[in-house]
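Labels below follow one simple rule: chain letters A, B, ... track the order of the sequence lines, proteins then strands, and each chain is numbered from 1.
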Amino acid sequence: MDNSGPSNFIQEIIEQDLRIGKHKSVVTRFPPEPNGYLHIGHAKSICLNFGLAAKYGGRCHLRFDDTNPRKESPEFVRSIMEDVRWLGYDWGEHLYYASDYFPGFYRYALQLIEQGQAYVCSLTPEEIRRYRGTLTEPGQNSPFRERSIEENLELFQGMKEGRFQEGRHVLRARIDMSSPNINMRDPVIYRILKADHHRTGDEWCIYPTYDYAHCLSDSLEGITHSLCSLEFEDHRPLYDWFLKQLGVECHPQQIEFARLNLNYTVMSKRKLTQLVQGGFVRGWDDPRMPTISGLRRRGYTPRSIRRFCDLIGVAKSDNIVDMSLLEYCIREDLNKLAPRVMGVLSPLRVVITNYPGDRTEELEAINNPEDESMGTRRLPFSRELFIERDDFREDPPGKYFRLAPGREVRLRYAYFITCDRVIKDQDTGEILEVHCSYDPQTRGGNAPDGRRVKGTLHWISARHAEKARVCIYDRLFSRPNPAQDEKKGLSLQDLLNPQSLQVTDNCLVEPGLSSARPGERFQFERIGYFCLDPESQPDRPVFNRTVSLKDTWAKIEKKMSNESGKK
RNA sequence: UGGGGCGUAGCCAAGCGGUAAGGCAACGGGUUUUGGUCCCGUCAUUCGAGGGUUCGAAUCCUUCCGCCCCAGCCA
């Protein structure tokens, strides 16, 4: 988080609290439920919570909100810790699990019962729903609401000891069935769940609900500011009610902010789980997923994600951030970091007819023009090369300044070449190869006579090229707001972008690249940023395209075709 | 028709009674051996709408409109 930048409303609250002495330091927490992988929306929360703690010299806890054993697993715990760490945050000693507090929660429940503020309700789930009333009608008191404290204690004890089946009883807070806030209509705080918990095993068969457990976890840990998303705003009165009735010493302040949405993707664990389980993506870490692990595999850096979270700000209005901002952030980072290499995605053979067939020479190339300390490397050059198919046009449109018959261009760090002849398949008309001649005077890419060329192309010596597979990713969904479309009745599946993954074999990369380390990032000059996939084999490297370079030519071309379409 | 929120540019977002920051996107131009980067410039006479208070309103009051969330023994 930027230490000097403009503040958001949460920082204002914190600074005020510090100023008036309400708190001496700041304690926040990131409280995921281990029921799925983290996504970039969580990153916003992580950056906020850890960032605030760092900025104000406090601390931030990592706490697993594991109160529902049916949905949680150690795999998710593992992945969450990995992702938070990868993002660059450290919770130090402060790793907690709500499940560690189960005994305490239980004692607090006893206290509520003794205070006459909780009761065992034996209505069925359907009955509870009916008694709850509706948005416009008040609820009705449960017939079990007036059970004696002794009976409640006895029944609750029985629940804990497993004497009842699931659904037979619940423990409810005794608040107000006619509250206009439905959350206050005697919410369930304990339910019977005969499920193995990932940490407590079969020790418990009653589990606390979120509203009850969360505020107490916060309180027990001495949290000062408990940040959560907007949909919990309605729950704040409940949060405060429990802490007040229980008379705890620490009463954190819950503050709500708007969760992150990104266009052309979805950001709910339910939907992401659906994509994974339905096999629509290859897993939680599929590079098309907005998960932290997906972004990592795609080639995003932790810093670019932190920067993104900084740029989007924190406020209370619903938002859908444009994907282009995320792309801006990764380009910004990779431009400084990524070594430049040559890679040809769709190779077209070029024969330099006046270059001897038995000759090879090495030309010096700069590894990163943004960072001189990254040095240079030598690239082999020979009579037969490959260039990008897109970089040649037999019949070039206006403003196209790449290779075309009779035209001279520069091969980056090599020579000027001129196209003399196009060899085509007699039957199909497909361009098979292009014959060019080079100017030996232009070695390195400059003409001694000062003549200029408009185009500079990337290339690879045919003899020295290494094969690679390249995965090009596009937006996962074809619609900007799939979540809303789904609400209107469309199925997520139908909203997927069928072109979101395009695998191309037979790509060629410069020598040595196929032995890059998994996760290593490069800029393929003039194309984009790529990252070696962890599933690469030594003999068959797989590169994931993280993001393309900005493509002004594509824009011009599109504009030209639009204009000609109008005519 | 209950309760809770939110409306500032295509997308985020500052603004806190003194005359609309910033970023992304878009669009122009310059530099360039990446049509990349970088640099320069353009982009809200108006803040959801109307009324009111005030010398002065995006900021205060008021009415209206729109959008989001809540009726799990999920979180």
Side-chain angles (χ1 to χ4, degrees), chain A residues 5-8 12 31-33 35 65 67-68 70-71 121 123-125 128-130 132-139 166-167 169-172 179-185 187-193 206-207 209-211 213-214 228-237 256 258 260 263 269-270 308 310-329 331-332 335-336 340 342 365-366 369-370 399-402 410-414 416 444-446 452-458 480 523-528 548-557:
Chain A
S7 62
N8 57 55
E12 286 182 12
E33 183 189 13
N35 67 343
D65 207 351
T67 57
N68 186 350
R70 286 252 151 73
K71 295 186 172 178
C121 180
L123 254 20
T124 65
I128 287 183
R129 177 159 36 81
R130 245 187 333 229
R132 186 151 37 219
T134 69
L135 295 179
T136 51
E137 297 160 319
E166 284 189 20
H169 304 290
V170 290
L171 186 70
R172 291 228 250 169
S179 170
N181 180 348
I182 289 181
N183 296 299
M184 302 299 273
R185 320 240 260 231
V188 171
I189 63 180
Y190 264 100
R191 74 284 209 189
I192 299 169
L193 247 33
I206 54 172
Y207 291 89
T209 55
Y210 167 85
D211 286 308
H214 202 90
C228 63
S229 42
L230 253 27
E231 68 268 30
F232 293 105
E233 213 146 17
D234 285 346
H235 295 238
R236 195 185 334 127
E256 310 83 12
L260 167 68
N263 59 186
K269 272 196 244 179
R270 195 208 100 227
F308 173 74
D310 213 22
L311 289 180
I312 56 176
V314 178
K316 294 191 70 162
S317 53
D318 287 335
N319 60 80
I320 304 180
V321 175
D322 203 302
M323 196 62 103
S324 66
L325 184 61
L326 220 208
E327 294 181 341
Y328 164 81
C329 291
R331 286 192 186 109
E332 177 188 51
N335 177 48
K336 296 279 190 293
R340 272 57 171 171
M342 302 278 201
I366 294 165
E370 303 290 319
K399 296 181 186 161
Y400 184 89
F401 44 80
R402 277 114 93 147
R410 170 169 40 237
L411 294 179
R412 180 144 230 230
Y413 300 126
F416 284 12
N446 283 309
R452 324 275 296 185
V453 288
K454 286 175 92 176
T456 299
L457 314 186
H458 58 280
Q523 183 197 98
F524 286 12
E525 292 219 31
R526 304 208 305 132
I527 300 179
S548 70
L549 250 32
K550 282 215 277 186
D551 191 347
T552 305
W553 165 243
K555 240 183 250 177
I556 294 169
E557 204 177 20

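Centroid-to-centroid, the aromatic rings of A:Tyr400 and A:Trp553 come within less than 6.0 Å.
Judged by Watson-Crick or G-U wobble contacts below 3.5 Å, the nucleotide B:A26 has B:U42 as its partner. Remark: B:G18 base-pairs with B:C55; criterion is Watson-Crick or G-U wobble with both hydrogen-bond distances under 3.5 Å. As the counterpart of B:G66, B:C6 is assigned, both hydrogen-bonding distances of the Watson-Crick or G-U wobble pattern falling under 3.5 Å. Remark: B:G72 base-pairs with no nucleotide; criterion is Watson-Crick or G-U wobble with both hydrogen-bond distances under 3.5 Å.
Across every non-hydrogen atom of A:Asn8 and A:Val314, the tightest pair is CB-O, 3.5 Å.
With sequence neighbours left out, the ring-ring contact (aromatic ring centres under 6.0 Å, His included) criterion links A:Phe232 to A:Tyr210, A:His235. Scanning for side chain to side chain contact (heavy atoms under 4.5 Å, CB included) contacts around A:Thr134 gives A:Thr136, A:Glu137, with sequence neighbours left out. For the side chain to side chain contact (heavy atoms under 4.5 Å, CB included) test, residues two or more places apart in sequence or in another chain that qualify with A:Lys316 are A:Phe9, A:Leu230, A:Glu233, A:Glu256. A:Phe524 is linked by a ring-ring contact (aromatic ring centres under 6.0 Å, His included) to A:Phe530, A:Phe543, counting only residues two or more places apart in sequence or in another chain. In terms of the side chain to side chain contact (heavy atoms under 4.5 Å, CB included) criterion, residue partners of A:Ser324 (sequence neighbours excluded) are, by chain and number, A:Asp322. The ring-ring contact (aromatic ring centres under 6.0 Å, His included) check on A:Tyr413 picks up nothing, with sequence neighbours excluded. Take A:Glu332 and apply the salt bridge (charged side-chain N to carboxylate O under 4.0 Å, His left out) test, not counting sequence neighbours, and it matches A:Arg307.
Of the P atoms belonging to B:C65 and B:G50, the separation is 15 Å, rounded to the nearest Å. Of the C1' atoms belonging to B:U53 and B:G28, the separation is 45 Å, rounded to the nearest Å. Taking atom C1' on both nucleotides, B:G15 is separated from B:G7 by 15 Å, rounded to a whole Å. The P atoms of B:U34 and B:C43 are separated by 31 Å, rounded to the nearest whole Å. The separation of B:C68 from B:U63, taken at their C1' atoms, amounts to 22 Å, rounded to a whole angstrom. The separation of B:C16 from B:C60, taken at their P atoms, amounts to 11 Å, rounded to a whole angstrom. Distance check on atom C1': B:G18 versus B:U59 gives 11 Å, rounded to whole Å. On the P atoms, B:G10 is 16 Å away from B:C27, given to the nearest whole Å.
The distance between atom CZ of A:Arg452 and atom P of B:U34, rounded to the nearest whole Å, is 10 Å. Residue A:Lys454 contributes atom NZ, which lies 13 Å from atom P of B:U31 at whole-angstrom precision. One interatomic measurement links the two molecules: CE of A:Met342 to P of B:G36, which rounds to 17 Å at whole-angstrom precision. Atom CZ in A:Arg185 sits about 13 Å away from atom P in B:G4, given to the nearest Å. Rounding to whole angstrom units, CZ of residue A:Arg331 and C1' of B:G36 are separated by 10 Å. Rounded to whole angstrom, the span from the OH atom of A:Tyr328 across to the C1' atom of B:A13 amounts to 15 Å. Rounded to an integer number of Å, the gap from A:Ile527 CD1 to B:U34 P is 15 Å. A straight line from NZ of A:Lys316 to C1' of B:G15 spans 18 Å, rounded to a whole angstrom.
For the pair A:Lys71 (side chain) and A:Glu33 (backbone), a donor-acceptor distance under 3.5 Å is absent. In this structure, A:Arg340 contributes its side chain and A:Glu525 its backbone to no donor-acceptor pair below 3.5 Å. Judged purely by atom type and a 3.5 angstrom limit, A:Ser179 uses its side chain to pair as donor or acceptor with the backbone of A:Asn181.
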**OP:** For each nucleotide in nucleotides 69-75 of chain B, reading 5' to 3', give B when a protein heavy atom comes within less than 4.0 Å of its base, S when such contact involves only the sugar-phosphate, and - otherwise.
**Re:** BBBSBSB

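In this structure, A:Lys550 does not reach the B:G35 phosphate: none of its side-chain N or O atoms is under 4.0 Å from OP1 or OP2. At least one side-chain nitrogen or oxygen of A:Lys555 sits closer than 4.0 Å to the OP1 or OP2 atom of B:C27.
Nucleic acid contact class of A:Glu233 (heavy atoms, under 4.0 Å, all strands): sugar-phosphate only. Heavy atoms of A:Arg340 sit under 4.0 angstrom from at least one base atom. Residue A:Phe524 is out of contact with every strand shown, counting any heavy-atom pair closer than 4.0 Å. Among the protein residues, A:Asn446 comes within range of the nucleic acid bases, having at least one heavy atom under 4.0 Å from a base atom. Residue contacts for A:Arg130: at a heavy-atom cut-off of 4.0 Å it reaches no nucleic acid atom on any strand shown. Counting any heavy atom pair closer than 4.0 Å across all strands shown, A:Tyr207 reaches no nucleic acid atom. The residue A:Pro138 sits apart from the nucleic acid: no heavy atom pair falls under 4.0 Å.
Donor-acceptor pairing under 3.5 Å, judged by distance alone, is present between the side chain of A:Arg402 and the base of B:G35.
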Short heteroatom pairs, N/O only, protein and nucleotides 9-12 of chain B, under 3.5 Å:
unit_1	atom_1	unit_2	atom_2	d
B:C11	O3'	A:Ile320	O	3.0
B:C11	O2'	A:Ile320	O	2.8
B:C11	O2'	A:Asp322	N	3.2
B:C12	OP1	A:Ile320	N	2.9
B:C12	O2'	A:Ile312	O	2.7

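Nearer to the 5' terminus of RNA chain B, by closest-nucleotide assignment, is the contact made by A:Arg412 (compared with the other of A:Thr552 and A:Arg412).
The glycosidic torsion of B:G56 lies more than 90° away from 0, placing the base in the anti range.
Listed nucleotides B:C16, B:U34, B:A25 differ in distance to A:Glu12; the shortest reach to its side chain belongs to B:C16. The nucleotide whose nearest atom lies closest to any side-chain atom of A:Gln523 is, among B:A26, B:G35, B:U34, B:U34.
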